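Down below is the structure, laid out as structure tokens.
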Amino acid sequence: MNGATAGSSQGARGRSVAFSGVELRYGGKESPPVVVDLSLQIAAGEFFVIVGPSGCGKSTLLRLVAGFLEPNEGTVTAGGVAVTGPGPDRAMVFQSVDGPLMDWLTVRQNVAFGLKMQAKRTGQEFDPAVVDHWLQLVGLTSAAGKLPHELSGGMKQRVQIARILAVKPDVVLMDEPFAALDAQTRRILQRQVVELWQTEGGTVVYVTHDIREAVLLGQRIGVMRAGPHSDFRSLHTVDIGYPRDEFSPEFAGVARAVEAEIVEEVTRAWQN
């Protein structure tokens with residue numbers, strides 16, 4: 001499938017992401033493909049959301065961009081450069097609220113960790129004020145001295161987000177980051193992610209099963225076909241300003257269109 005490029009982006013910072021004729025198989029050449037002939041252009045600074053039936057390869061696409069996987073055919077690029085492995089220009093926020101954090105470090109130390117590694121790699125001086133800035137942005141200043149086991153799930157996820165965004169990667173990959181949280185915490189963090197993206201810039205590629213979340217966050221929504229042999233069925237431009245009113249007719253119209261396509265894909269998969 002041939003994708004399209006978004007017409008505009010939110011911020012100056014960020015890198016474009018492109019899939020060109022990508023095919024991925026887990027295993028040897030005789031293994032069935034997970035993704036087939038997938039092409040897509042994501043603009044620098046865009047907030048792009050991926051939705052689709054379970055098992056269609058949404059998280060696989062994030063791992064291709066992150067460099068954790070290599071395509072069997074085709075290319076994945078970030079900023080026009082082929083992705084050949086993980087790099088500091090791309091960072092992933094995982095669904096788990098426990099695994100990504102270092103249990104023996106405080107909230108402050110967890111947020112500072114990536115910044116210190118970045119300073120060491122680039123030869124720059126580590127600035128503790130940057131840690132303070134991000135703790136304030138995600139509302140964790142009062143919890144700076146706590147260890148991860150003393151935090152709620154929502155607070156742990158905020159630590160993970162602050163730690164990753166603090167190093168200002170050009171591309172942020174988010175794999176259902178709020179799926180394990182309660183509904184109220186999820187709503188708060190959804191809006192906070194949009195606000196951080198608007199103020200800090202960067203390209204965001206976000207995977208979710210939640211259609212409402214997709215419409216709330218994304219400038220564009222890519223609907224994937226049911227596997228096997230997945231690619232993008234359609235791309236929806238969400239021409240609604242931020243912050244978005246989920247009870248508006250415009251919001252409901254986009255959500256209905258996306259949901260109808262996913263239901264069709266799930267039904268087709270069940271019938272095959």
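All figures in this text were calculated on a predicted structure; none of them were measured in a lab. Nothing fancy with the numbering, it's 1 onward along the sequence.
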Out of the candidates Ile262, Leu61, Val51, only one should pair with Met224 under the side chain to side chain contact (heavy atoms under 4.5 Å, CB included) rule; please name it. Leu61

How far apart are the C-alpha atoms of Gln160 and Gln157, what are their side-chain angles, what is the distance that settles it, and do they pass the side chain to side chain donor-acceptor pair (under 3.5 Å) test? CA-CA 5 Å; Gln160 187 185 174; Gln157 201 61 303; 2.4 Å; yes

Does any pair with a residue in residues 114-138 pass side chain to side chain donor-acceptor pair (under 3.5 Å), and if so which ones, sequence neighbours excluded? Arg108-Asp132

Would you mind listing every side chain to side chain donor-acceptor pair (under 3.5 Å) that reaches into residues 78-91, with sequence neighbours excluded? Arg15-Asp89

Partners of [X] by side-chain hydrogen bond (donor to acceptor under 3.5 Å, both in side chains), sequence neighbours excluded?
X: Thr208; result: Glu213
X: Asp210; result: none
X: Ser54; result: His209

Is a side-chain N or O of [X] found less than 3.5 angstrom from the main chain of [Y], in a donor-acceptor match?
X: Asn110; Y: Met102; answer: yes
X: Thr203; Y: Gly45; answer: yes
X: Gln192; Y: Leu137; answer: yes

Considering non-hydrogen atoms only, spot the tightest contact between [X] and [Y] and give its length.
X: Leu217; Y: Arg244; result: C-NH1, 3.8 Å
X: Leu147; Y: Leu151; result: O-CG, 3.6 Å
X: Gly21; Y: Ser39; result: N-OG, 2.9 Å

Can you tell me how far apart CG (Leu101) and CE (Met155) are? Round to the nearest 0.5 Å. 11.5 Å

Apply side chain to side chain contact (heavy atoms under 4.5 Å, CB included) to residues Leu62 and Met92 and explain how you reach the verdict. CA-CA 8 Å; Leu62 293 190; Met92 184 175 287; 3.6 Å; yes

Flag the pair Arg268 and Glu265 as a salt bridge only when some basic side-chain nitrogen lies within less than 4.0 angstrom of an acidic carboxylate oxygen. yes

Under the salt bridge (charged side-chain N to carboxylate O under 4.0 Å, His left out) rule, collect the residues that match up with Glu150, sequence neighbours excluded. none

If we only count heavy atoms from C-beta on, is the [X] to [Y] side-chain gap below 4.5 Å?
X: Arg187; Y: Arg212; value: yes
X: Pro71; Y: Leu64; value: yes
X: Arg158; Y: Leu189; value: yes

So, do Trp197 and Tyr206 have ring centers that fall under 6.0 Å from each other? no

